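Quick notes on the structure that follows.
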Amino acid sequence: MKAVKITEKVWWVGAIDWGLKEFHGYTTHRGSTYNAFLVLADKITLIDTVKAPFKQEMYSRIESVIGDITKIDIIVSDHAEMDHSGALPEVIEEVKPSAVYASTMGVKALDAHFRIADKLTAVKTGDSVDLGNMQLQFVETRMLHWPDSMFAYLTGEKVLFSQDGFGMHLATEKIWADENYWPDMEREMAKYYANILLPYAPQAIKLLEVFPSLNLDIDVIAPDHGPCWRGELLTKPLELYAKWAAQKPTKKAVVFFDTMWHSTEKMAMEISDGIRAAGADVRVMPLEAYNRSDVVAEILDAGAIVVGSPTINNEMYPRTADVLTYIKGLRPQNKIGAAFGSFGWSGESVARINEYLTAMKVELVHPGLKIKYIPGKEDLEQCFEMGKAIGEKLVALASE
Ligand code: FEO
């Protein structure tokens with residue numbers, strides 16, 4: 001397999017995982033790439049590696065440029081998660097580099113994974129490594145999205161290696177963002193941000209604030225997943241991150257629900273009609289069709305989370321609990337919401353959903369709507385009114 005030229009001295013030598021469908025609970029409908037980069041400096045340098053089963057693919061791309069992997073002098077690990085470090089222990093054994101650099105937390109994380117601290121050298125923000133005819137400068141980006149995460153900037157070629165930051169799960173052989181179909185990329189990048197980076201919005205905002213003061217003259221942003229950024233699209237990922245990190249309420253509601261005998265579904269449709277009648281937008285997501293990571297991707301730019309579940313054995317549906325547990329961990333901000341559901345004899349689901357929404361600091365627009373068995377005309381009118389109240393509040397918040 002061949003490497004792809006990024007700049008005169010930088011080659012993409014990563015792997016394409018066309019078949020990846022799941023990434024720790026996140027559905028990756030479009031596969032992914034594990035990007036690694038070869039820097040043809042006086043000291044040949046490998047930036048990150050790949051998931052363990054893809055090591056040979058990376059080697060074949062490296063060999064297409066330099067013939068022999070042992071010509072690599074330096075390895076940098078910008079992120080210790082195993083989609084980038086899985087191949088690292090064997091690569092170190094087989095390449096025998098003169099040095100392997102990682103952040104201070106990266107050394108600890110890689111050692112806790114592979115017991116290789118003796119082979120690693122820690123670097124911190126402001127440190128640089130001399131590659132002979134160019135330098136690598138490091139910027140720690142703690143909790144974006146792991147404690148060890150860092151960026152590496154290559155002088156001369158003006159490439160910022162940003163590990164998971166500004167990346168997306170999108171399998172493509174087209175290495176540049178401007179060669180790919182923009183709507184696919186924006187959707188996958190938003191999904192990546194929502195599922196991976198959403199809890200770390202304060203860190204993202206802080207990084208974006210200090211970014212200009214780093215005075216990095218950047219021509220290329222090269223993340224560890226998906227396409228690289230250049231030219232007119234170079235600032236696009238920064239703009240999108242600023243928007244997503246702010247989590248400003250929009251007039252969009254996400255209505256997600258499970259249903260047993262279609263009663264909660266009927267409620268969901270009527271609530272959605274009420275939201276629309278108030279002039280707001282609705283994304284309806286039956287959990288029969290969507291999983292947790294699809295729902296979170298829609299919640300990223302939504303102002304309301306509206307959740308429905310029937311009661312089963314004194315609890316909400318397991319799928320609803322799955323999605324709520326996942327969303328709670330991702331800590332979305334600035335949302336309003338409400339719960340609803342049909343029940344037979346006890347009806348605990350609405351109270352259970354409210355516990356989650358309250359724990360997430362979602363402002364409840366309604367105490368929650370419970371309907372016994374099958375909703376009748378008056379019940380459906382109540383659903384519509386609840387939706388209308390949510391929609392009116394959304395429109396008011398979005399115009400502030
Ligand atoms: Fe792509 Fe956090 O690993």
Side-chain angles (χ1 to χ4, degrees), residues 12-37 46-55 57-58 75-89 91 100-114 138-152 160-172 175 177 185 188-201 203-204 207 221-229 237 240-241 244-245 292-293 296-297 300 326 329-331:
W12 174 82
V13 291
I16 306 177
D17 193 348
W18 298 100
L20 183 75
K21 289 291 166 243
E22 205 268 352
F23 190 93
H24 58 51
Y26 161 179
T27 49
T28 49
H29 300 292
R30 299 292 302 268
S32 193
T33 66
Y34 313 114
N35 297 340
F37 300 94
L46 179 64
I47 309 286
D48 289 322
T49 66
V50 293
K51 202 185 241 187
F54 293 85
K55 186 188 73 173
E57 181 174 336
M58 180 182 72
I75 298 175
V76 173
S77 169
D78 281 330
H79 180 27
E81 193 162 8
M82 287 201 291
D83 48 333
H84 312 295
S85 70
L88 183 63
V91 173
V100 182
Y101 296 101
S103 67
T104 307
M105 297 301 282
V107 170
K108 290 179 181 172
L110 289 168
D111 188 53
H113 280 75
F114 308 118
F138 301 105
V139 180
E140 290 166 279
T141 57
R142 284 190 187 191
M143 300 318 298
L144 284 174
H145 69 117
W146 272 24
D148 68 283
S149 303
M150 72 173 180
F151 288 177
L160 181 73
F161 300 104
S162 60
Q163 37 90 27
D164 282 344
F166 313 127
M168 68 189 78
H169 286 314
L170 177 67
T172 172
I175 197 68
M185 287 202 308
E188 295 305 332
M189 193 174 173
K191 187 171 185 181
Y192 191 90
Y193 183 93
N195 280 276
I196 304 286
L197 291 157
L198 190 60
Y200 309 113
Q203 288 86 346
L207 177 68
I221 296 176
D224 274 357
H225 298 289
C228 298
W229 305 86
L240 289 172
Y241 269 40
W244 294 329
R292 61 187 89 88
S293 56
V296 164
L300 177 63
Y326 189 70
L330 290 167
R331 302 199 290 273

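Everything numeric in this text was worked out from a predicted model, so none of it was measured. As the structure lists them, so they are numbered: ligands from 1, and atoms in each ligand from 1.
When distances to atom 2 (Fe) of ligand 1 are checked against a cut-off of 2.8 Å, H84 contributes no N, O or S atom below that limit. Put simply, E81 gets within reach of atom 2 (Fe) of ligand 1, with an N, O or S atom under 2.8 Å from it.
Across all their heavy atoms, Y193 and A204 have their closest contact at OH-CB, 4.2 Å.
With atom 1 (Fe) of ligand 1 as the vertex, NE2 (H225) and OD2 (D83) define an angle of 80°, rounded to 10°.
Checked against H84 for a side chain to side chain donor-acceptor pair (under 3.5 Å), the options H225, Q163, K51 give a single hit: H225.
Counting only N and O atoms by type, the side chains of D164 and H79 include a donor and acceptor under 3.5 Å apart.
Sorting the N, O or S atoms of D164 by how far they are from atom 2 (Fe) of ligand 1 puts OD2 first.
Under the 30°/60° scheme for interplanar angles, the aromatic rings of Y192 and H169 are found to stand perpendicular.
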